[in-house]
Amino acid sequence: MSRVCVFCAVSLDGFIARADHGLDWLTPPPGEALEDTFGPFLAGVGALLMGRTTFDVVTSFGPEAWAYGDRPVLVATHRPLDATRPTVRPVAGPIAALVAEARAAAGPGDVYLDGGQMVGQALAAGLVDEVTLTVVPVALGAGIAAFGGHPTPRPLGLLGARPLGAGFVELRYGAG
């Protein structure tokens, strides 16, 4: 069965975006290089499940920034979705049903769960298998809390930690 995986960046003070959803702080300083860990992660992904706000932010970057290829992208929303890609479709329901639907769409690949509220709900429900956080050496002071502010009822075990360059550090945690 496919795994449900989270892959996101977080500031030193626990935010995944500025209050206005800005992500400008994710860029390393000029002349600094980062190891690409997203590409290898994405290679194992069969489908994505993301929240509507995350989808809107990602699509605001323009079609050239779409990193997901032809993978199915399920967007949790109750509002009409203007998706120009045939692989994008709206979904609605309880988090367990959404994760099950994403697993079915992923086939043998993993499910990439994205969006603070979605991730928080799935963590609280015990539906996440692995969390990869890239800690960015910036304190935002305010913004959108990692995991939507939802508590994680069970501890996650550290699977690995490594520097990526420019002060960025990748932390991998597993459930169980």
Side-chain angles (χ1 to χ4, degrees), residues 2-11 15-30 32-93 95 97-123 127-136 138 140 143-148 164-166 168 170 172:
S2 62
R3 300 175 310 150
V4 176
C5 301
V6 174
F7 192 100
C8 69
V10 64
S11 66
F15 297 105
I16 58 172
R18 294 190 189 280
D20 65 358
H21 302 283
L23 300 174
D24 58 301
W25 56 278
L26 293 174
T27 307
E32 296 278 349
L34 289 180
E35 179 181 343
D36 175 22
T37 58
F38 183 70
F41 166 77
L42 194 59
V45 170
L48 289 89
L49 172 59
M50 67 175 60
R52 175 60 183 264
T53 301
T54 301
F55 177 77
D56 289 344
V57 169
V58 168
T59 55
S60 75
F61 300 144
E64 66 281 351
W66 185 258
Y68 313 123
D70 292 332
R71 291 171 185 83
V73 177
L74 288 68
V75 180
T77 186
H78 293 285
R79 294 180 282 139
L81 184 65
D82 182 22
T84 57
R85 295 179 181 278
T87 58
V88 175
R89 64 184 165 101
V91 293
I95 189 65
L98 297 178
V99 168
E101 193 170 345
R103 281 186 193 266
D110 291 334
V111 172
Y112 173 15
L113 185 61
D114 199 10
Q117 290 296 326
M118 295 293 302
V119 170
Q121 290 174 33
L123 279 168
L127 300 171
V128 176
D129 299 302
E130 187 171 303
V131 175
T132 301
L133 297 175
T134 299
V135 180
V136 179
V138 171
L140 297 178
I144 298 171
F147 316 138
L164 302 177
F168 289 54
E170 181 183 85
R172 285 185 45 246

*asked:* For Asp70, I'd like to know if atom CG has over 12 heavy atoms of other residues, nucleotides or ligands within 6.0 Å.
replied: no
*Looking only at heavy atoms, which two atoms of Ala106 and Val111 are closest? And how far apart?*
CB-CG2, 3.9 Å
_Aromatic ring pairing Phe41/Phe7, orientation class (parallel under 30°, perpendicular over 60°, tilted between)_ = parallel
*asked:* Quick test of your reading: applying salt bridge (charged side-chain N to carboxylate O under 4.0 Å, His left out), list the pairs with at least one residue in residues 15-26, sequence neighbours left out, ordered by first then second residue.
replied: Arg18-Asp24
*If you measure from CZ on Phe147 to CG on Leu123, what distance do you get to the nearest 0.5 Å?*
5.5 Å
*Between CG of Leu49 and CZ of Arg103, what distance do you get to the nearest 0.5 Å?*
11.0 Å
*Closest non-hydrogen atom pair between Ala146 and Ile16, with its separation*: CA-CG2, 3.7 Å
*Of all the heavy-atom pairs spanning Met118 and Ala76, show the shortest one and how long it is.*
SD-CB, 3.6 Å
*Are the side chains of Leu98 and Leu74 in touch, meaning some heavy atoms are under 4.5 Å apart?*
no
*Using side-chain hydrogen bond (donor to acceptor under 3.5 Å, both in side chains) as the criterion, list what pairs up with Thr77, not counting sequence neighbours.*
Arg52
*Which heavy atom in Gly107 sits nearest to a heavy atom in Ser2, and how many Å separate them?*
O-CB, 4.0 Å
*Distance (rounded to the nearest 0.5 Å) between Leu23 CG and Phe61 CZ*: 4.5 Å
*Spell out, as yes or no, whether a donor-acceptor pair under 3.5 Å connects the side chain of Arg71 to the backbone of Leu42.*
yes
_Nearest 0.5 Å, please: how far is CG in Leu127 from CG in Leu113?_
9.0 Å
*asked:* Is any side-chain heavy atom of Pro40 closer than 4.5 Å to one of Asp36?
replied: yes
*Counting N and O atoms only, with roles assigned by atom type, does the side chain of Asp129 sit under 3.5 Å from a partner on the main chain of Val4, one being a donor and the other an acceptor?*
yes
*asked:* Are the side chains of His21 and Thr53 in contact, using a 4.5 Å heavy-atom criterion?
replied: yes
*Do Tyr112 and Tyr68 come close enough that some side-chain heavy atom pair is under 4.5 Å?*
yes
*Rounded to the nearest 0.5 Å, how far apart are CZ of Arg172 and OG1 of Thr37?*
10.5 Å
*Heavy atoms only: give me the nearest Gly46-Pro72 pair and the separation to one decimal.*
O-CD, 3.1 Å
*Could you check Leu26, Val136, Val135, Val138 and say which one makes a side-chain contact (heavy atoms from CB on, under 4.5 Å) with Phe168?*
Val136
_Residue pairs, two or more places apart or on separate chains, that pass salt bridge (charged side-chain N to carboxylate O under 4.0 Å, His left out) and touch residues 106-117_ = Arg3-Asp110
*In Å and rounded to the nearest 0.5 Å, what is the CD to OG1 distance from Gln117 to Thr54?*
9.5 Å
*Indicate the atoms forming the closest heavy-atom contact of Phe38 with Ala67, along with that distance.*
CE2-CB, 4.1 Å
*In sequence, state the C-alpha distance, the side-chain angles, and the governing distance for Cys8 and Leu133, and then conclude on side-chain contact (heavy atoms from CB on, under 4.5 Å).*
CA-CA 5 Å; Cys8 69; Leu133 297 175; 3.4 Å; yes
